[in-house]
Amino acid sequence: MHATLHGKSSSYKKLKVTDYTAEHADSDINVSETASDSSRASSAADSEYSSISESIKKSNAKESTNSSYKSRYKSVSLDDFIGNPERYEGKNIKTSGTVSYIQRESDNNTMDYVVLNNSDASAATVTEIEVEDMHDNHITEGDNITVEGGGLTQTVKLHGKTLKSDIIVDSVIVN
């Protein structure tokens with residue numbers, strides 16, 4: 001019988017891990033042995049413990065410096081999205097802009113249409129943000145916001161015009 005942790009293997013019979021915490025880079029493993037010949041196994045177990053403990057510390061340090069989390073949203077400039085909405089059709093994007101207009105449709109009381117302008121107000125797109133998120137984030141005209149959501153083309157009519165681009169918002173942050 002053997003124990004394996006992070007690719008390290010113990011050749012000892014009945015080697016038992018009694019405590020392990022992976023939350024901190026300096027976490028330790030307490031190893032106890034139930035083999036009958038504890039004096040002979042002691043130095044080998046210490047070596048095995050040391051090796052496994054070092055492996056865990058390296059792994060935890062690596063995880064804390066190189067986050068394994070990767071956002072599912074691609075950062076895109078608002079200008080690029082507005083200029084090339086077809087490129088981002090159905091894709092998850094993250095972009096920022098200034099709120100220039102907010103409109104609630106009379107037939108849909110759960111979503112607000114929010115017009116986002118680029119930095120020089122020369123181009124804009126519409127985002128659909130849930131009313132609850134609007135209130136929770138206290139979003140008003142003039143706010144600079146970052147939105148994450150799905151990019152769409154020609155799905156929204158605002159003031160009788162079909163818009164070239166639209167973002168269905170999953171999350172919003174006021175900058």
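Keep in mind it's a predicted model, so treat the numbers as computed, not measured.
Within the structure, salt bridge (Lys or Arg N to Asp or Glu O under 4.0 Å) contacts touching residues 92-101 (residues at least two apart or in different chains) do not occur. The stretch residues 98-133 participates, sequence neighbours left out, in these ring pair (Phe, Tyr, Trp, His ring centres under 6.0 Å) pairs: Tyr101-His159.
Residues passing the salt bridge (Lys or Arg N to Asp or Glu O under 4.0 Å) test with Asp79, sequence neighbours excluded: none. For the side chain to side chain donor-acceptor pair (under 3.5 Å) test, residues two or more places apart in sequence or in another chain that qualify with Ser100 are Asn117. Legend: residues meeting side chain to side chain donor-acceptor pair (under 3.5 Å) with Asn84, ordered by chain and number and at least two apart, are Asp80. Legend: residues meeting side chain to side chain contact (heavy atoms under 4.5 Å, CB included) with Lys164, ordered by chain and number and at least two apart, are Pro85, Glu86. Residues satisfying the side chain to side chain donor-acceptor pair (under 3.5 Å) test with Gln154, not counting sequence neighbours, are none.
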Solution key, residues 166-175 side-chain donor-acceptor pairs under 3.5 Å, sequence neighbours excluded:
from	atom 1	to	atom 2	distance (Å)
Asp166	OD2	Thr155	OG1	3.1
Asp170	OD2	Tyr73	OH	2.7
Ser171	OG	Glu148	OE1	2.8
Asn175	OD1	Thr146	OG1	3.1
Asn175	ND2	Asn144	OD1	3.1
Asn175	ND2	Thr146	OG1	2.9

Can you give each donor-acceptor pair under 3.5 Å made by side-chain atoms of residues 121-135, sequence neighbours left out, with the distance rounded to 0.1 Å?
from	atom 1	to	atom 2	distance (Å)
Ser122	OG	Asn118	ND2	3.1
Ser122	OG	Asp120	OD1	2.6
Thr125	OG1	Ser165	O	3.2
Thr125	OG1	Ser165	OG	2.6
Thr127	OG1	Val114	O	3.1

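Within the model, atoms CG of Asp143 and CG of Asn137 stand 9.5 Å from one another, a figure rounded to the nearest 0.5 Å.
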Test side chain to side chain contact (heavy atoms under 4.5 Å, CB included) on Leu152 and Glu89 and set out the steps. CA-CA 5 Å; Leu152 299 173; Glu89 173 76 28; 3.8 Å; yes

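Nearest approach of Arg104 to Asp112, heavy atoms of both residues: NE-OD1, 2.8 Å.
With a 4.5 Å cut-off on side-chain heavy atoms, Ile145 and Val99 count as touching.
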